J.: 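The structure is given below, and queries will be raised subsequently.
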Amino acid sequence: MKTDRTHKNWFQEAKYGLFIHWGLYAMMGGVFNGRKVPYGAEWIMKNAEIPLAEYRKLQEKFLPVNFNADSWIRQAAQWGMKYVVFTAKHHDGFAMYDSKVSDYNIMHTPFGRDVTKELAEACQKYGLTFCVYYSQMQDWENENGWGNTWDFGEDEKKDFKKYFYEKVKPQVKELLVNYGKIGLIWFDTPYTMPKALCRELKDWVKQWQPECLVNGRIGYGLGDYRQMSDNEIPVLAFPRPWETPVTLNETWGYSSVDENWKTPREVIEKLADVAGKGGNLLLNIGPDGTGNIPEGSIKVLDEVGGWLKENGESIYATEAVPDFAYQIRWGRLTMRPGRLYLHVFRYPGFPHEIMLAGLMTKVRRVYILGTGQELTFFQSYEIARDEYRFRVILPPESAEERDLVVCAEVEGPVVPHELV
Ligand code: GLC
């Protein structure tokens, strides 16, 4: 991937995407035999060691009458997301699309609709980039896939290559040739997969769609961009493109017993934090077994979407901010050429002033991004400390704002004094 600052691709500009974890597991909602099974609800088959023969029965019952690709994606667009990553096949091995490779797929359910196709078309309609998640190593349905030791015995004794050539490559090809342009393919948990196979898989993707990006969990740093761990945001800005997948509660797949939602404010803070470090935030929803998106997530995403309508300029297509040595106690920075955005998460007490130490760049004008209200500011050089200071006086009435974004128009590149 080009990291040249002047040639950003769609991924680096997008900043905010929707992750959708949806599969047979959604019908269980994280509960098995009346007990909540700990950890991700999409892992329920493995975590409760449900025999394949029993888990398969979900396939016979899958009828998500409330599923509506158009409404999911229309909402994603309103929420301000620029791309969608859908779990075409998660670790349970069940394909949520029309696969000729294995009958363990959505066409062989009472629902019988190719939801992947419907989602891809809806993305096209609303101008979002459609992307797929594919679990390449773990597959709890295939006797040679990794992970299902309770039905098939030790993983190390399996013929992984057989699974790789008979299921993974043909299925990945199906996804890349039958669903139009795929923005990126999101692999996961490569565990001990040999490097040669990881490379082969990446080449395979490029063979069918040369522009399709491959995420970092292909393994061995072979991805086109770096994939952070789940819910992990790095401390410093990153020079290469990267992405953090984030849950809205404690799980990826739908859980009927997890209402521990992040607040809109937390999500906005993460978004600004990630954008300021040059990355993307991939925020997850786990629709339930009927196809409904949980109310708890909708509420949060609606609010974040509302904030983005006013303040999107401070997030989309921004670039990593060089590191300032001193802690910025009141919030975060994002930027684009000619503009530095100050995200005020912790509103300062009287005299309502925020300060950025180390900014050498000349500031021309400062205003509130959402309203255009001009703000008073000062730039000074403190002789004793050898320190450049940029101070902005905030209006007291903004104290209630969720994330007040102050825009500073700057002359030339943002240069922290410590880096000179
Ligand atoms: C994990 C989990 C998985 C989830 C993913 C999202 O590695 O195995 O269930 O899909 O992270 O980032």
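Worth knowing before you read on, the calculation uses all heavy atoms, side chains too, and leaves out hydrogens, waters and symmetry mates. Counting starts at 1 for both ligands and their atoms, in listed order. Predicted model, so just to flag it, every value in this text is computed and none were measured.
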J.: Report yes or no: is the cationic atom of Lys169 (NZ for Lys, CZ for Arg) closer than 6.0 Å to the six-membered ring centre of Phe164, at no more than 45° off its axis?
T.: no
J.: For Arg199, look at atom CZ and say whether over 12 heavy atoms of other residues, nucleotides or ligands are found less than 6.0 Å away.
T.: no
J.: Polar pairs, ligand 1 vs protein, N/O only, below 3.5 Å.
T.:
residue	atom	partner	partner atom	Å
ligand 1	7 (O)	Asp188	OD1	3.3
ligand 1	7 (O)	Asp188	OD2	3.4
ligand 1	7 (O)	Arg217	NH1	3.4
ligand 1	8 (O)	Trp43	NE1	2.9
ligand 1	8 (O)	His91	NE2	2.8
ligand 1	9 (O)	Glu42	OE2	2.5
ligand 1	9 (O)	Trp43	NE1	2.9
ligand 1	9 (O)	His90	NE2	3.3
ligand 1	10 (O)	His21	NE2	2.5
ligand 1	10 (O)	His90	NE2	2.8
ligand 1	11 (O)	Arg217	NH1	3.4
ligand 1	11 (O)	Asp230	OD1	3.3
ligand 1	11 (O)	Asp230	OD2	2.8
ligand 1	12 (O)	Arg217	NH1	3.3
ligand 1	12 (O)	Asp230	OD1	2.7

J.: Please name the residue in the list Asp92, Thr189, Asp155 that meets the side-chain hydrogen bond (donor to acceptor under 3.5 Å, both in side chains) test with Gln138.
T.: Thr189
J.: Does this structure show an ion pair linking Lys161 with Glu166, if we count only N-O contacts that are shorter than 4.0 Å?
T.: no
J.: Does Glu54 have any salt bridge (charged side-chain N to carboxylate O under 4.0 Å, His left out) partners at least two apart in sequence or in another chain, and if so, which?
T.: none
J.: Under 4.0 Å between a side-chain nitrogen and a carboxylate oxygen: does that hold for Glu409 and Arg339?
T.: yes
